[in-house]
Amino acid sequence: VRTLIKKQIQNISNHSENHSCILQNSLGNYHVNLLDLTSEYNKFPPWELILPEFNLSLSQYKKNEYPSGFIKEKYTEIIAEYHEFILCFTDGSKNEFEYAGYAFSIDGKITNFTAHKYSSIFNLEVSAILHCLQKISTSKSPNKKFLIQSDSLSALLSIQNKFSEHQLVHKIHQIIYKLQTTDKIIK
């Protein structure tokens, strides 16, 4: 479908005044507004995105191979390096009883959301980071330094990929790109 959409965009966007088309497949016809498809992905070239610093050093310690006290000590050492930053935490979770949700906290203030029960853990984790960044982008705090902490290595690695095609990751990249023009520092 993505290839079909790209071909339609190339063929129609140059020739259509209303920037819309009809896509047809075996399931039927779909009216598509091309501006809805393209505006989200053409706001900046990926090579202009300056990603924040990522500290993934804790990922080298497997929980089942090290005592929890050792990992907590390493975490405390890392956090001490960011003593002037506002601490932000993100998390996404679900269970087998039809609950899914995600939350973030900024300087101790917790915000949580429920999500569709079929959401993946990855999408929940990325959503938590996305909403945390959205809140940071509108923050009026005099402290402009924010340290976002996540326990989702897959989410962090995906955000590090400037060419990710995942919609939520791309929205995170858009916010990071906009924050580059402000005095806020995200790590």
Side-chain angles (χ1 to χ4, degrees), residues 40 43-44 46 49-64 66 68 70-187:
E40 183 176 324
K43 293 197 176 186
F44 62 90
L49 176 64
I50 300 169
L51 290 171
E53 172 188 313
F54 286 77
N55 185 331
L56 305 177
S57 61
L58 285 179
S59 66
Q60 68 183 310
Y61 305 111
K62 308 293 182 246
K63 289 179 185 177
N64 58 350
Y66 292 89
S68 62
F70 174 81
I71 295 173
K72 286 178 185 176
E73 182 181 316
K74 293 295 181 185
Y75 169 77
T76 303
E77 290 172 11
I78 293 168
I79 293 303
E81 298 173 23
Y82 300 98
H83 64 275
E84 71 266 4
F85 283 71
I86 294 174
L87 299 182
C88 307
F89 298 90
T90 66
D91 196 23
S93 65
K94 64 187 286 184
N95 65 24
E96 67 276 6
F97 303 111
E98 301 186 10
Y99 170 81
Y102 57 94
F104 68 87
S105 74
I106 298 175
D107 206 16
K109 184 175 181 338
I110 299 170
T111 305
N112 57 36
F113 300 88
T114 57
H116 194 278
K117 66 182 180 180
Y118 296 116
S119 299
S120 69
I121 294 291
F122 176 80
N123 279 346
L124 295 170
E125 295 280 1
V126 172
S127 294
I129 295 169
L130 170 64
H131 283 93
C132 183
L133 279 167
Q134 287 174 334
K135 188 70 170 179
I136 289 170
S137 70
T138 61
S139 170
K140 305 286 189 223
S141 171
N143 186 346
K144 306 295 185 191
K145 297 179 179 182
F146 298 87
L147 179 66
I148 299 176
Q149 299 170 71
S150 171
D151 64 353
S152 176
L153 183 60
S154 60
L156 296 173
L157 292 174
S158 184
I159 294 166
Q160 282 186 312
N161 178 4
K162 292 182 181 186
F163 300 96
S164 174
E165 293 186 12
H166 191 280
Q167 183 178 10
L168 295 174
V169 172
H170 192 76
K171 287 181 180 182
I172 288 171
H173 288 165
Q174 287 176 349
I175 294 170
I176 292 170
Y177 183 76
K178 289 177 186 174
L179 287 173
Q180 289 175 190
T181 63
T182 71
D183 56 351
K184 293 180 182 169
I185 297 172
I186 307 295
K187 294 192 178 199

Novice: Determine the interplanar angle of the F70 and Y61 rings, folded into 0 to 90°, and report it as parallel if under 30°, tilted if 30 to 60°, perpendicular if over 60°.
Specialist: perpendicular
Novice: In Å, rounded to the nearest 0.5 Å, how long is the span from CD of Q174 to CG of L133?
Specialist: 12.0 Å
Novice: Identify the two heavy atoms, one from L124 and one from S119, that lie closest to each other, and give their separation to 0.1 Å.
Specialist: CD2-CB, 3.8 Å
Novice: Could you list the donor-acceptor pairs under 3.5 angstrom formed between side-chain atoms of residues 180-187 and any protein atom two or more places apart in sequence or on another chain?
Specialist:
residue, atom, partner, partner atom, Å
Q180, OE1, I50, N, 2.5
Q180, NE2, E48, O, 3.3
T181, OG1, K178, O, 2.7
T182, OG1, L179, O, 2.8
T182, OG1, K184, N, 3.2
K184, NZ, I136, O, 2.7
K184, NZ, S137, O, 3.2
K184, NZ, S139, O, 3.0
K187, NZ, E53, OE1, 3.1

Novice: Evaluate the side-chain proximity of K144 to I86: yes if any heavy-atom separation is below 4.5 Å, no if none is.
Specialist: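 They are not in contact (no side-chain heavy atoms under 4.5 Å apart), so the answer is no.
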Novice: Hey, what do you get for OG (S59) to CG (D151), rounding to the nearest 0.5 Å?
Specialist: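 Going from the OG atom of S59 to the CG atom of D151 covers 12.5 Å.
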Novice: Check the side chains of S57 and N55 for a donor-acceptor pair under 3.5 angstrom, ignoring hydrogens and angles.
Specialist: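 Yes, side-chain donor-acceptor contact under 3.5 Å.
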Novice: Counting C-beta onward and ignoring hydrogens, is there a side-chain heavy-atom pair between D91 and E125 closer than 4.5 Å?
Specialist: yes
Novice: Can you list the steps and then say if L168 with I129 is a side-chain contact (heavy atoms from CB on, under 4.5 Å)?
Specialist: CA-CA 9 Å; L168 295 174; I129 295 169; over 6 Å; no
Novice: Measure across F122 and A155 and return the closest heavy-atom pair with its distance rounded to 0.1 Å.
Specialist: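 Heavy-atom minimum between the residues: CE1-CA, 3.7 Å.
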Novice: If I take atom NZ from residue K94 and atom OG from residue S120, how far apart are they, to the nearest 0.5 angstrom?
Specialist: 7.0 Å
Novice: For S141 and F146, work out which heavy atoms get closest and say how close.
Specialist: CB-CZ, 4.5 Å
Novice: Do Y75 and Q149 make a side-chain contact, defined as non-hydrogen atoms from C-beta onward lying under 4.5 Å apart?
Specialist: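 The answer is yes; the side chains approach within 4.5 Å.
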Novice: Do any side-chain atoms of residues 100-109 form donor-acceptor pairs under 3.5 angstrom with protein atoms, and if so which ones, sequence neighbours left out?
Specialist:
residue, atom, partner, partner atom, Å
Y102, OH, H131, ND1, 3.3

Novice: Please list, chain by chain and in numerical order, all residues satisfying salt bridge (charged side-chain N to carboxylate O under 4.0 Å, His left out) with K162, sequence neighbours excluded.
Specialist: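 Expected list: none.
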Novice: Do F89 and C132 touch side chain to side chain, with heavy atoms closer than 4.5 Å?
Specialist: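 In short, these two side chains do not touch, never coming nearer than 4.5 Å.
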Novice: First locate atom CD1 of I71, then atom CG of L58, and finally report the distance between them rounded to the nearest 0.5 Å.
Specialist: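 Answer for the CD1-CG pair, I71 versus L58, is 7.5 Å.
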Novice: Quick one: OH on Y66 to CD on Q60, what's the gap to the nearest 0.5 Å?
Specialist: 7.0 Å
Novice: Inspect the surroundings of CD1 in I110 and state if more than 12 heavy atoms from other residues, nucleotides or ligands are less than 6.0 Å away.
Specialist: no
Novice: Once you round to the nearest 0.5 Å, how far does OH of Y118 lie from CG of N123?
Specialist: 15.5 Å
Novice: Mind checking whether Y82 and F85 have parallel, tilted or perpendicular rings, split at 30° and 60°?
Specialist: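 Perpendicular, since the angle between the ring planes exceeds 60°.
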Novice: Minimum heavy-atom separation for N161 and H173, please, with both atom names.
Specialist: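 Between these two residues, the closest heavy atoms are O-CE1, 3.0 Å.
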